[in-house]
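In what follows, a structure is listed as structure tokens, so that the remarks can point back to it.
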There are 2 protein chains.
Amino acid sequence: MTADRIDAGDQPGGPPPPTRGSVMRDVARLAGVSHQTVSRVLNDHPNVRPETRDRVLAAMRALNYRRNSAARTLVTRRSRTLGLIAYETTLFGPASTLYGLEQAARSAGYFVSVASVRALDRKSVLDAVDRLCEQSVEGIVAIAPQSSVGTALAQAPAGLAVVGVGGGGEHVPTVCIDNSTGAAMATRHLLGLGHTTVQHIAGPPDWPEARDRIDGWREALHAAGAPVPAPRPGDWSARAGYEHGRQFAADPTVTAIFCGNDQIALGALRALHEAGRRVPDEVSVVGFDDVPESGYFLPPLTTVRQDFAELGRRSLDLLIEQLESGVRTNRRVSLTPRFVARTSSGPAPG
Amino acid sequence: MTADRIDAGDQPGGPPPPTRGSVMRDVARLAGVSHQTVSRVLNDHPNVRPETRDRVLAAMRALNYRRNSAARTLVTRRSRTLGLIAYETTLFGPASTLYGLEQAARSAGYFVSVASVRALDRKSVLDAVDRLCEQSVEGIVAIAPQSSVGTALAQAPAGLAVVGVGGGGEHVPTVCIDNSTGAAMATRHLLGLGHTTVQHIAGPPDWPEARDRIDGWREALHAAGAPVPAPRPGDWSARAGYEHGRQFAADPTVTAIFCGNDQIALGALRALHEAGRRVPDEVSVVGFDDVPESGYFLPPLTTVRQDFAELGRRSLDLLIEQLESGVRTNRRVSLTPRFVARTSSGPAPG
DNA sequence: GCCTTGTGTGTGAACGGTAACCATGACAGG
DNA sequence: CCTGTCATGGTTACCGTTCACACACAAGGC
């Protein structure tokens with residue numbers, strides 16, 4: 001009895017044999033060498049005569065041979081697979097980072113396996129780590145920059161490389177952009193335009209990225225001797241921007257708003273527009289991220305650009321560094337964001 | 001006999017230290033049973049005395065045992081891994097689909113490995129397929145709905161389950177939303193508001209999704225006896241929407257524009273605004289997709305909602321169906337989109 | 001002649017699981 | 001008492017690679 005259930009009925013004429021993929025031994029036999037020589041050719045070992053190598057390569061082509069990664073992983077104990085834990089994968093940022101990571105991983109010879117999490121509580125994250133471990137990934141990148149994630153990650157099995165993207169935690173190697181500097185850029189830009197102070201619609205307070213942006217904004221205000229209003233907490237959504245934007249629109253003293261991200265800024269722009277407050281003539285708005293659409297907002301959004309793809313690439317670098325050194329360096333890589341001036345910000349009125 | 005070999009000191013540049021975790025034999029020894037019994041416990045075989053099972057489970061916990069998936073894959077010839085080929089991963093749609101797929105795959109006991117492609121030419125796609133095959137995935141989902149992708153996918157190794165998301169091709173099982181119906185909904189909505197005809201800024205002509213939307217739009221116009229203008233081809237970007245939008249803005253006879261997606265609509269809105277054409281009073285605009293921000297556009301965008309996450313879930317269903325039946329069914333699953341009325345569309349002027 | 005050094009290649013043993021096949025003991029029926 | 005069945009659990013043979021080592025053969029130094 002065949003263990004194969006793919007043993008589909010052969011139609012007369014259709015000659016699709018139950019192609020049990022060819023393995024090294026088959027290639028070896030065809031090339032007239034031992035399986036070990038095939039292995040040597042595959043792994044670019046020296047000490048194979050060019051002529052032999054060609055024969056082996058020809059045999060591999062003829063049989064359409066592909067090496068079995070499970071067997072390879074079993075014996076080498078290297079899966080060449082990286083795990084990615086992602087939250088809110090639908091946002092532009094995480095998605096771009098995933099993209100950058102995957103491209104980099106590919107050229108470094110790694111595969112990427114994803115585990116998305118619905119929530120950022122400790123259990124969900126540990127579950128995701130577990131799931132990835134079961135696949136014997138060699139390292140994990142977490143695009144889930146809530147504080148709790150960092151600590152959850154820190155207790156991943158030793159010997160597993162780990163990198164946090166975004167604010168991260170203190171216990172895990174992290175790659176992030178310099179949110180504080182970015183926020184300060186935006187704030188200084190607005191102050192430089194003559195605004196007496198700058199309001200801030202922030203991200204959720206338990207996101208390090210949000211906190212760093214708040215810090216940068218606050219420090220820039222402080223350094224300029226400007227009053228420091230209370231930041232308004234949001235959830236990164238356009239809705240939050242809209243709600244707070246309506247309140248700001250009703251307050252004639254508000255002339256400049258720095259938003260925690262571009263979605264928030266979009267919501268704020270709409271609120272201001274609805275209230276009849278002209279942007280940038282009466283109120284200036286600045287965002288953060290530079291999503292592809294922000295140049296087409298009404299008006300085009302002044303913002304701070306994050307290079308998400310670079311974030312992904314750098315996190316791979318950090319991972320590989322750990323993999324090769326064998327220790328969990330506590331490094332923190334920080335990328336400098338770029339200020340992008342568009343027309344949603346202008347001189348203070350009056 | 002030395003099961004242990006002495007680990008030579010790590011040479012810099014050498015492979016990382018082998019992670020010596022506990023294996024079945026260790027668990028078996030601790031529990032006082034054979035490794036086979038451990039395997040039986042792991043795989044929920046009957047014929048294990050509850051008392052024995054408990055002893056084994058306790059031993060597994062004590063040793064923090066995790067089974068080695070490579071070994072398992074090697075012998076069972078099932079990797080329990082699915083491959084995902086994604087293009088333009090940064091867009092909301094693909095990202096959400098990935099999310100939905102991963103969630104569904106997880107609860108079905110599968111892992112998901114991603115391969116992103118930079119371009120959609122045949123070679124890139126075949127490369128990605130190759131990469132995934134090397135990981136011995138059991139099936140592939142391609143979120144890369146260009147026509148050429150379908151045909152490239154069709155010649156994936158036999159015995160590999162394949163599903164296309166989006167327009168797909170004729171040769172590959174496909175799950176998509178009913179783009180034609182969605183476009184017709186949008187068009188009929190505008191015609192119903194009294195517009196004599198509807199312009200269309202479309203997606204790239206080699207995307208089946210774009211073509212289906214064109215078809216639906218055209219048929220709806222035709223059925224209503226309205227004139228059918230030439231659709232304007234774009235690339236799904238806000239920029240394309242802006243460029244065509246400017247031309248439409250200069251033409252006073254244009255009162256209704258149906259856009260291939262929400263980004264295009266955003267660009268069109270900006271062009272109309274710049275030209276002083278009021279939306280929806282003078283010109284109505286409708287998008288497609290319902291990205292989370294579209295409710296905060298100026299004005300909030302009337303659009304057609306795609307359930308991307310459902311797309312991901314359904315593609316998993318289709319994949320599993322193939323995996324279990326062993327044949328590449330040529331099924332095509334079509335989801336009905338939902339029309340979402342907001343304020344960017346209104347009665348025809350005059 | 002010997003031993004060395006260096007190429008190119010083959011041999012056998014892991015790696016950590018699962019499946020097929022046995023072995024044992026208990027209990028029933030003849 | 002002999003046999004058959006069932007529950008339980010051990011034995012052994014793989015799966016397809018890579019690694020350590022052995023081996024053949026050549027070139028060179030003494």
Side-chain angles (χ1 to χ4, degrees), chain A residues 1-5 19-29 31-56 59-60 63-80 133-136, chain B residues 1-8 11 14-15 17-29 31-56 59-60 63-80 133-136:
Chain A
M1 32 75 189
T2 70
D4 305 333
R5 49 165 161 241
T19 39
R20 255 204 188 320
S22 50
V23 301
M24 256 190 190
R25 202 186 357 202
D26 305 329
V27 175
R29 192 158 33 211
V33 297
S34 75
H35 62 119
Q36 176 61 351
T37 298
V38 177
S39 174
R40 279 193 262 258
V41 169
L42 260 152
N43 297 330
D44 273 332
H45 261 93
N47 300 358
V48 176
R49 216 181 336 166
E51 173 195 312
T52 311
R53 171 187 312 273
D54 290 346
R55 258 202 344 268
V56 170
M60 295 201 313
L63 295 175
N64 189 24
Y65 168 79
R66 1 193 52 113
R67 92 167 117 202
N68 181 317
S69 63
R72 180 187 169 83
T73 295
L74 181 57
V75 66
T76 60
R77 294 171 146 123
R78 306 260 283 115
S79 64
R80 303 207 71 83
C133 284
E134 219 175 295
Q135 285 180 87
S136 37
Chain B
M1 282 247 319
T2 95
D4 306 324
R5 62 160 165 264
I6 295 143
D7 296 339
Q11 306 119 0
T19 49
R20 226 191 216 328
S22 49
V23 301
M24 252 188 192
R25 199 181 4 189
D26 305 329
V27 175
R29 193 159 33 210
V33 296
S34 76
H35 69 267
Q36 176 61 353
T37 298
V38 177
S39 172
R40 279 193 263 257
V41 169
L42 260 149
N43 297 328
D44 273 331
H45 269 248
N47 299 357
V48 176
R49 216 178 336 166
E51 172 194 313
T52 313
R53 173 187 311 274
D54 290 346
R55 260 204 340 271
V56 169
M60 296 201 313
L63 296 175
N64 189 25
Y65 169 78
R66 2 191 53 113
R67 90 169 119 203
N68 182 318
S69 63
R72 180 185 168 82
T73 295
L74 180 57
V75 67
T76 60
R77 294 169 146 120
R78 307 257 286 117
S79 64
R80 303 207 70 84
C133 284
E134 221 176 293
Q135 287 180 83
S136 38

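Below, chain A is the first sequence line, B the second, and so on; all start at residue 1. The structure displayed is predicted, hence computed values, not measured ones. These numbers come from the heavy atoms of this one structure, side chains and all, not from hydrogens, waters or symmetry mates.
- Of the residues near DNA chain C, B/Asn43 and A/Pro50, the one whose nearest nucleotide (by heavy atom distance) lies more toward the 5' end is A/Pro50.
- Counting heavy atoms from C-beta on, the side chains of A/Thr52 and A/Arg55 come closer than 4.5 Å.
- Atom P of nucleotide C/dG16 and atom CZ of B/Arg78 are separated by 23 Å, given to the nearest angstrom.
- Distance, B/Met24 CE to C/dA19 C1': 12 Å, rounded to whole Å.
- Atom CG of A/Asp54 and atom CZ of A/Arg49 lie 11.5 Å apart (nearest 0.5 Å).
- For the pair B/Gln36 and A/His35, nearest-nucleotide mapping onto DNA chain C gives the more 5' position to A/His35.
- Considering only side-chain N and O atoms, B/Thr37 lies under 4.0 angstrom from the phosphate OP1 or OP2 of D/dG10.
- Here the side chain of B/Asn47 is nearest to one of D/dC14, D/dT18, D/dA7, namely D/dA7.
- Taking the nucleotide of DNA chain D with the nearest heavy atom to each of A/Thr76 and B/Arg49, the more 5' of the two is matched to B/Arg49.
- Which of C/dG10, D/dT18, D/dG16 sits closest to the side chain of A/Val23 comes down to D/dG16.
- Considering every non-hydrogen atom in both A/Arg66 and B/Cys133, the closest pair reads NE-CB, 4.2 Å.
- The CD-P distance, from B/Glu134 to D/dT17, rounds to 11 Å in whole Å.
- Note on B/Arg72: a side-chain N or O is less than 4.0 Å away from OP1 or OP2 of C/dT18.
- Listed candidates were D/dT17, C/dT9, C/dA19. Nearest to the side chain of B/His45 is C/dA19.
- Comparing A/Arg40 and B/Val48 along DNA chain D, the residue whose closest nucleotide (by nearest heavy atom) sits nearer the 5' end is B/Val48.
- Rounded to an integer number of Å, the gap from A/Leu74 CG to D/dC15 P is 14 Å.
- Across all strands, B/Thr73 comes closer than 4.0 Å to no nucleic acid atom at all (heavy-atom distances).
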Quiz prompt | Check against side-chain contact (heavy atoms from CB on, under 4.5 Å), A/Asn43 and A/Arg67 | solution = CA-CA 11 Å; A/Asn43 297 330; A/Arg67 92 167 117 202; 2.9 Å; yes
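- Within the structure, a side-chain polar atom (N or O) of A/Arg77 is placed less than 4.0 Å from OP1 or OP2 of C/dG16.
- In this structure, B/Ser34 reaches the bases: a heavy-atom distance under 4.0 Å links it to at least one base atom across the strands shown.
- Residue contacts for B/Asn68: at a heavy-atom cut-off of 4.0 Å it reaches the sugar-phosphate backbone alone, with no base atom in range.
- We find that CZ of B/Arg80 is positioned 12 Å from P of C/dT18, with the value rounded to whole Å.
- A straight line from CG of B/Asp26 to C1' of C/dG17 spans 13 Å, rounded to a whole angstrom.
- For A/Arg25, whose side chain is taken as the heavy atoms from C-beta onward, the closest listed nucleotide among D/dT17, D/dG16, C/dG8 is D/dG16.
- At a threshold of 4.5 Å between non-hydrogen side-chain atoms, the residues B/Asn68 and A/Leu74 count as touching.
- Among the atoms of the strands shown, only primed sugar atoms or phosphate atoms (P, OP1, OP2) are found under 4.0 Å from some heavy atom of A/Thr52.
- Shortest non-hydrogen contact noted between A/Met60 and A/Leu42 is SD-CG, 4.3 Å.
- If you check every strand for non-hydrogen atoms under 4.0 Å, A/Arg53 touches nothing.
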